[in-house]
Amino acid sequence: MSQSKRLHIIRLILLLLTAGLILQPNPVQASSHEDQNQASRIAWEAYYFGNMTNGQLPSEWHPFSRMDSDRNGAHPGNELWLKAHLSKKGISLGQLLVYSYIVKDFEIALFLDGQPVFKSEKLLPSGFISWRIISYDNITGHEDQVLVARISPHQNLEGFEVWSGTSSSLVLKLLRTEAPMWAGAIVLSLLSAVSLLLYFFNRSQTLFIYFSVFLASFAIDLTVMWGGWQFAFRSDALWVWGSLIHFNWYIGYASGILITYAIVGGKGSKWIRNLGYAVVVYAFVAVAGWLLFGEQAQLLFYQLFYDYISTCLLLALIVVLFLALKRRRNSEIMVFAIGNAIFVGGLVLGRAVSGQFGLFPTTRTLLTSHHAFAQISWTFLGFGGVVICCGIIMGMRLMRMAQLRSTNKELAKVNGELIIANEKLSHIDQIRSNMYSEVSHELNTPITAIKGYVQLMLNGTIPAGETRYLQVIHDKSLVMERMIDDMLEIVRLENKHIQFEYELVPFGALFARLCSKVQMDMLEQGFTFSWVPMSEPWPDRFTAIYADPMRVEQVFANLLSNARKFTAPGGTIRVEATMEEPGAQPSVITIRIIDSGYGIEEGERESIFERYYRGKGAKTGAITGTGLGLPICREIMNAHGGEVGLERSSTQGSTFYIRFPLHYAHVKE
């Protein structure tokens, strides 16, 4: 994928996320006069700041819309009282759902027409989301009832809601609220498992293990924070769960720092990694403080980190990311920057909605229930943007790993080919070295004989001009000439410096002429030579090959010469020609030269067509030659579009073949 396409995809994702943030629905406060078959959220009408003696309710109320701007009453330690009217429409029994997101410790109490109907039990640890369904009777019988809520001490109404309705409608509301979170936890758990598997497959990609821990931490938060499962545990046990949740939250934050290091880290940035490890140490210190000093120590560590340390770390990471973008702008860093921008944007916007424009918390900040829902939505959308961008980065890493694996395969393939080529070159170099010794030996033998006879003639030891000695000198000269001609021939064939004179040659006549020409010579040398003339299968046309007759004779003679050299006198040499039918009709014609020699060893069969290669049999049997006969045959047959090869070989003899493309010609032609 090109850089421009990646940038286009990143811009599209950013546009979709921005549209989602802008178009997210803000819930309108539910009226208390809605149909009781549906759950409706209580719309608070009035508020009061102040502490009341036991059993008393406030008598002075202020409009709820003024609560956010009431800085005088919102002193630390004051209780917050909220009032609303319930309309039951003649129904004597109803239910209330108390839904609260506990960021800091507070106690909730509900009063209906002055009578207490609910009081929260021992406070849950910070970070939990809890709910309770309360059933109540309309004792007075009035159609309208006054509901009063007390929050002691007062806190931001962050996630605090009270809903009214039937039992079934409230349960349905809970399912609608919690099911998406549980589904998100399942998806995040699967992504965490996939990331962990990817890390095991490629240990060098530490980013995957950081992703796995980060996603698992977020999944645990979503699963544990929502409160339906809380009824299965005692209140004391929930504090243990709260401590574990805090520890998990620290680990998730540390893994986020390590993800930053893995993506943007470079030389001189190990301090980012050490910062992540420091958060891990802080998590263990917080747990140790809880075990040694109790729950208050745990809350102290949590609030210190949540309110101050996390903000400082976030600012530091923003600076690191900005410097990384300034230094280099690859696609991973840009996607990671977009994810962090969405997260920070959601966090800051959430705090801005509550009137807290600074990044540090303030105890005087208030938040109405309507705005609290907006804050939670914006914050979770920020987290969602981070998770999406992390998924994109994982996908990019996977694509890069796949490309790298493909490149490694190609390199391994090329490396294997280079190894094979290097082995061939080494083999050729060895053959070349052997060739020098072989050629020098083969040339030295006739030269020594010639020099010896000439020296004897010059010294008068033998008569000058003796015919039999001159014949020996002549024969040795022919051997040297043949060797030199073979070396020049193979060079000219390989360099395409030889012009072939092709013509359409009747094969039967050519085959008969070649066999008849060597038959007498074979018989004189003591070999049993046989061949059978090939008959024409059609009366009106004959088989032919398109070839240079002189070169065909050269190949035939070379193969017969080898058969004669490697067959003991008295052995048999047979030549046969057959038409073969790979297709619908005969398309090739094959000449086989079959001898009764001692054969070729299995380890040498692949090398006999290499230049200057001479087998062990040639060396031990003192057979002359340079090892160029078969390579010359191969080059000639390649030029004819045919082939020459070894069909079989054993201790009972060898069979070589020559194969030509078959042509047909009419008798008139």
Side-chain angles (χ1 to χ4, degrees), residues 493 500-519 521-522 527-539 541-567 571-597 599-600 602 604-610 628-650 652-667 669:
L493 284 170
F500 290 88
E501 298 180 1
Y502 297 101
E503 58 181 275
L504 193 64
V505 182
F507 181 78
L510 176 64
F511 180 68
R513 179 170 61 84
L514 294 177
C515 292
S516 301
K517 190 174 182 180
V518 299
Q519 184 172 13
D521 188 33
M522 288 286 187
F527 295 101
T528 302
F529 181 77
S530 63
W531 66 280
V532 178
M534 195 183 74
S535 60
E536 296 292 344
W538 299 280
R541 60 177 181 171
F542 60 88
T543 56
I545 59 174
Y546 191 69
D548 184 335
M550 185 182 70
R551 295 297 178 181
V552 173
E553 183 178 353
Q554 182 180 354
V555 174
F556 187 76
N558 271 339
L559 293 179
L560 282 177
S561 175
N562 283 345
R564 186 171 56 244
K565 288 178 183 179
F566 293 95
T567 302
T572 61
I573 297 176
R574 188 173 81 255
V575 180
E576 61 182 31
T578 57
M579 289 186 294
E580 299 177 356
E581 304 181 10
Q585 61 178 357
S587 58
V588 295
I589 192 164
T590 303
I591 303 174
R592 289 181 175 84
I593 295 92
I594 306 167
D595 62 59
S596 61
I600 302 170
E602 186 175 355
E604 297 181 338
R605 293 173 188 174
E606 295 182 357
S607 304
I608 58 176
F609 285 90
E610 295 179 358
L628 291 175
L630 289 179
I632 289 174
C633 293
R634 182 183 60 186
E635 294 295 332
I636 292 175
M637 291 307 298
N638 287 341
H640 282 77
E643 59 177 315
V644 59
L646 175 65
E647 188 171 88
R648 66 171 186 85
S649 182
S650 65
Q652 283 76 37
S654 302
T655 301
F656 283 83
Y657 67 88
I658 312 169
R659 186 170 290 125
F660 292 92
L662 183 60
H663 297 269
Y664 298 96
H666 289 279
V667 175
E669 295 177 298

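This chain uses plain numbering: 1 for the first residue, then up along the sequence. Hydrogens, waters and symmetry mates are skipped; everything else that's a heavy atom, side chains included, is used.
The backbone N or O of Phe500 sits nowhere less than 3.5 Å from a side-chain atom of Arg551 that would complete a donor-acceptor pair. Under a 3.5 Å cut-off, the side chain of Asp595 and the backbone N or O of Ile573 do not form any donor-acceptor pair.
Of all heavy-atom pairs between Gly641 and Pro661, the closest is O-CG, 3.6 Å. Closest non-hydrogen pair, Leu646 versus Thr655, comes out as CD1-O, 3.5 Å. In terms of heavy atoms, Ile591 sits closest to Phe556 at CG2-CE1, 4.2 Å. Smallest separation of non-hydrogen atoms from Arg634 and Val644: CA-CG1, 3.6 Å. Annotation for Gly645 and Phe609: closest pair CA-CZ, 3.6 Å, computed over non-hydrogen atoms. Of all heavy-atom pairs spanning Pro549 and Glu501, the tightest one is CD-O, 4.1 Å.
Expressed to the nearest 0.5 Å, how far OG1 of Thr567 lies from CG of Asn562 amounts to 10.0 Å. With values rounded to the nearest 0.5 angstrom, Glu602 atom CD is found 10.0 Å from Ser649 atom OG. To the nearest 0.5 Å, atoms CD1 (Ile636) and CG (Asn558) are separated by 7.0 Å. Annotation: the span from Glu576 atom CD to Arg574 atom CZ amounts to 5.0 Å, rounded to 0.5 Å. Note that OG1 of Thr543 is 11.0 Å distant from CZ of Phe511, once rounded to the nearest 0.5 Å. A distance of 9.0 Å separates CZ of Phe566 from OG of Ser561, quoted to the nearest 0.5 Å.
Proximity of Leu662 to Phe507: side-chain heavy atoms (C-beta onward) are nowhere separated by under 4.5 Å. Counting only heavy atoms from C-beta outward, the side chains of Val518 and Val575 never approach each other to under 4.5 Å. Put simply, the side chain of Phe656 reaches to within 4.5 Å of the side chain of Ile608, judged on heavy atoms. Counting heavy atoms from C-beta on, the side chains of Thr578 and Arg592 come closer than 4.5 Å.
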> Where do Leu630 and Leu559 land on the side chain to side chain contact (heavy atoms under 4.5 Å, CB included) test, with the steps shown first?
Replying inline: CA-CA 8 Å; Leu630 289 179; Leu559 293 179; 3.6 Å; yes
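Neither side chain, Thr528 nor Thr572, offers a donor N or O lying under 3.5 Å from an acceptor on the other.
Less than 6.0 angstrom separates the ring centroid of Tyr502 from the ring centroid of His640.
Partner Phe660 forms a side-chain contact (heavy atoms from CB on, under 4.5 Å) with one of Val505, Val588, Val552 and no other, that one being Val552.
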